[in-house]
Protein chains: 2
Amino acid sequence: MADTLTKPNCRPLEPGSVCVHCGLRPLSVCAALDIGELQQLEMVAHVHCLTAKATLFSQDEPAQFVYNVTAGTVRLYKLLPDGRRQIVGFALPGDFLGLALADRYGFSADAIEPVTACRFSREAFTGLVDRKPHLLRRLHEFATHELSLAHDQMVILGRRNAAERVGSFLIGLRDRWARLHGHSSVHVPLPMSRQDIADFLGLTIETVSRTLNRLAREKTIVIVPDGVRILNVARIEALSEV
Amino acid sequence: MADTLTKPNCRPLEPGSVCVHCGLRPLSVCAALDIGELQQLEMVAHVHCLTAKATLFSQDEPAQFVYNVTAGTVRLYKLLPDGRRQIVGFALPGDFLGLALADRYGFSADAIEPVTACRFSREAFTGLVDRKPHLLRRLHEFATHELSLAHDQMVILGRRNAAERVGSFLIGLRDRWARLHGHSSVHVPLPMSRQDIADFLGLTIETVSRTLNRLAREKTIVIVPDGVRILNVARIEALSEV
DNA sequence: CGTTGAGTTGACCATCGTCAACAGGAGTGG
DNA sequence: CCACTCCTGTTGACGATGGTCAACTCAACG
């Protein structure tokens, strides 16, 4: 799968054919729709481009829109009153934001790097969902998949030590990139900061840094400018073992 | 709401009227169905009674059935190869098991106390779901609600200390019992063991015991035979503050 | 060339885990 | 009826993992 799929692209495109030609379609919720339905969807869609650090939406705010991420990485997080942050997930291209179709957002979302996303008014989208059971079925599949990932993350947060958390994180991201690119690679891009990784894994930035560099010192990984390269796949997979 | 709703009851009932008279219906997925549909559901239902410690299903095993818990408490958990356990949730009356409608179970489930559950063959149930978009919509609501609870639990596991975890747990259970009984109470039944609480909160049994007894010593709660009674609601709510 | 922000590293420390002993109730068998 | 075991929960002593605080490097940027 070409890299253009996951790189931002905000050039205007000829109306009525954007969704049909979208390379991410088979991986996104849109796969549930036929060509006619795609055109209905496109009529209520708006291609939205965000710069790094831009906010898509904030927790508890009225949920005016739902989103389909088409390029870049989004961090999803909850804040405690005293400022502690827990990242509940990273949304990659193909991921849908607003699965709950609820009145208010359950978490905050902002762009880690330049992001493009198809934005739909929640009202229009839920209208479409109500008329298209196949789309609802697809949303439900996405929701239960997210639930399963959340359960895995609960195991990581509740029962694994720092090295295991970092290992599981790398393997988890590797597999998600593999799905997106159509093939697995030992090169794992990490668009998020050490602080983001720490807030996802329930650790501190220092522990993440130490753990990654320990893995590098023992030749399990190499730290490269935009992420890591896995040298000893078996070792990392053992750390992340279910 | 009467307590009979949540107490096991395995007497045979006259066919065709069980679901219609089920007091849990408004709280369960069945609320999406009209009387005719309920009778269709009942035809593929089987009231299942389990003793304490009985297994409903195990992780990775083919998902032959889905369940509606009608009485008792079920623990849902994942195991690591070395035996570490993470409880990903407790299912109370009204909760649905098998939301994913997937080929295999994503976690194991067993009865903490005597449990009754309506059991459906997954095949028959998914057939009904495919014919009834309202039921699918209801399942989706349940799934996104579970996802939201999972996100809350991720915050607890990733970013909260022992006292906050225990406090959040008590408030969370209090609110779930309140929903079930129709009114809130300072009496919070704890049908699960200290070990279960520990494995849910990412702590050890000793830390759970110490934390509960510290709360009792400072007169925030009283430990009673079947759970706790909250004396200082404000204190516990402050601990569990979002 | 100075500033800023991300990341790294070291020294120290607190929280929670580990290990061990013990209490008390339920169930069992003599 | 009592002695015994078993199981759950409690409590104390100690230690390790990961957090805190601080200093430092380095690249990007004005």
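Keep in mind that the numbers below use all heavy atoms, side chains included, and drop hydrogens, waters and symmetry copies. Every chain is numbered from 1, with letters handed out A, B, ... down the list of sequences.
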What nucleotide, of [options], holds the atom closest to the side chain of [X]?
X	options	result
A:S209	D:dT11, D:dG18, C:dG7	C:dG7
A:T207	D:dG19, C:dT8, D:dT11	D:dG19
B:R210	D:dT20, D:dG12, D:dG19	D:dG12
A:A162	D:dG18, C:dG7, D:dT10	D:dG18
B:E206	C:dC16, D:dG12, C:dT9	D:dG12
A:N161	D:dT10, D:dG18, C:dT8	D:dG18

ask   = For A:Q195 and A:R159, take the nucleotide of DNA chain C holding the closest heavy atom to each; which residue's nucleotide lies nearer the 5' end?
value =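 It is A:Q195 whose nearest nucleotide is closer to the 5' end.
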Could you tell me the separation between the [atom1] atom of [X] and the [atom2] atom of [N], rounded to a whole number of Å?
X	N	atom1	atom2	result
B:L157	C:dT15	CG	P	19 Å
B:L212	D:dG9	CG	C1'	11 Å
B:D226	D:dT8	CG	P	18 Å
B:R165	C:dC16	CZ	C1'	9 Å
B:R194	D:dT11	CZ	P	11 Å
A:D199	D:dG19	CG	C1'	14 Å
A:I205	C:dT9	CD1	C1'	12 Å
A:R160	C:dG17	CZ	P	17 Å

key: Ring centroid separation B:F200 to B:F90 under 6.0 Å   =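 Judged by ring-centre distance (under 6.0 Å), B:F200 and B:F90 do meet the cut-off.
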query = Any chance the rings of B:F57 and B:Y105 have centres within less than 6.0 Å?
reply =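 That pair passes the under 6.0 Å test.
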task = Answer with yes or no whether the side chains of A:D95 and A:Y67 bring together a donor and an acceptor at under 3.5 Å.
result =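 No - no donor-acceptor pair under 3.5 Å links their side chains.
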inquiry  = For A:R174, is there an ion pair with A:E237 - N to carboxylate O distance below 4.0 angstrom?
reply    =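 Salt bridge present between A:E237 and A:R174.
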message = Can you tell whether the side chains of A:D110 and A:R75 come within less than 4.0 Å, N to carboxylate O?
response =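 Salt bridge between A:D110 and A:R75, a charged N being under 4.0 Å from a carboxylate O: yes.
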task = Give a yes/no answer on whether the side chain of B:N213 brings an N or O atom under 4.0 Å of OP1 or OP2 in D:dT11.
result =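 Yes, such a contact exists.
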